[in-house]
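Input: a single structure, listed below in structure tokens.
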Amino acid sequence: MKVGYTFIYMIVLLCLISVPLASADTNTDDSTQELNSELQKAIENYNSVVVNKDSSVADVNKCIDQIDLIVSKINELGMDVDFKQTSEVHVNNKEVTLPACISAEIKPYMLSQSYHFSCNNSTVLAQVWGTNITVAEFLEKYIQGH
């Protein structure tokens, strides 16, 4: 009988532990969606400013500052923003060149970064297998038998 009660207590305890974890994920998703909505509105505002012939560089800089604040909040959640240019640059009525229109997408931080690794394959395999073997030799010797 004690085993049955212990089992029930364990299940209840696991449920109590998992509820805050699940709600934390939901809060992060809600935060991301809210920030994405804010970001898209800021991008729309920025794009409307850069295409407006009466806009100035100061107007554009205000929009950029607004976008930067939102991007900082997104970065705090461990995510990044991928910006893409969607038009050519614009020229206002005073013949001042303004930036191009953009689009933005929130991505997990690691997906927004690019990495390049290089090494001598023989060196790596020598460390792993304890012998100086090339990748081709490894594939021929060890993979072929499987």
Practice problem: Would you confirm whether Asn75, through its side chain, and Met79, through its main-chain N or O, come within 3.5 Å as a donor-acceptor pair? | Solution: yes

Quiz item: Do Val71 and Phe83 come close enough that some side-chain heavy atom pair is under 4.5 Å?
Solution: yes

Identify every side-chain donor-acceptor pair in residues 57-66 under 3.5 Å, counting partners at least two apart or on other chains, and give the distances.
residue : atom : partner : partner atom : Å
Asp59   : OD2  : Ser56   : N            : 3.0
Asp59   : OD2  : Ser56   : OG           : 3.3
Asn61   : ND2  : Val57   : O            : 3.4

Quiz prompt | Donor-acceptor contact present, side-chain Lys73 to main-chain Leu35, <3.5 Å | solution = no

Quiz item: Side chains of Val91 and Leu98: closer than 4.5 Å at any heavy-atom pair?
Solution: no

Practice problem: Please tell me if the side chains of Val50 and Cys101 come closer than 4.5 Å, counting only heavy atoms from C-beta onward. | Solution: yes

Self-check item: Cluster link Leu69 to Leu39, ILVMFWY, side chain under 4.5 Å
Solution: no

Self-check item: side chain to side chain donor-acceptor pair (under 3.5 Å) pairs, two or more places apart, involving residues 36-45
Solution: Asn36-Gln40

Exercise. Mind running side-chain contact (heavy atoms from CB on, under 4.5 Å) on Ile43 and Ile102 for me, showing each step along the way?
Key: CA-CA 7 Å; Ile43 295 293; Ile102 58 172; 3.5 Å; yes

Quiz prompt | Separation of Ser55 OG from Tyr46 OH (nearest 0.5 Å) | solution = 11.0 Å

Practice problem: Enter the distance from Ile106:CD1 to Ile70:CD1 here, rounded to the nearest 0.5 Å. | Solution: 9.0 Å

Quiz item: If you look only at pairs with a residue in residues 84-98, which of them pass as a side chain to side chain donor-acceptor pair (under 3.5 Å), with sequence neighbours excluded?
Solution: Asp54-Asn93, Asp82-Lys84, Ser87-His90

Quiz item: Under a 4.5 Å side-chain heavy-atom rule over Ile, Leu, Val, Met, Phe, Trp and Tyr, are Val49 and Val89 clustered together?
Solution: no

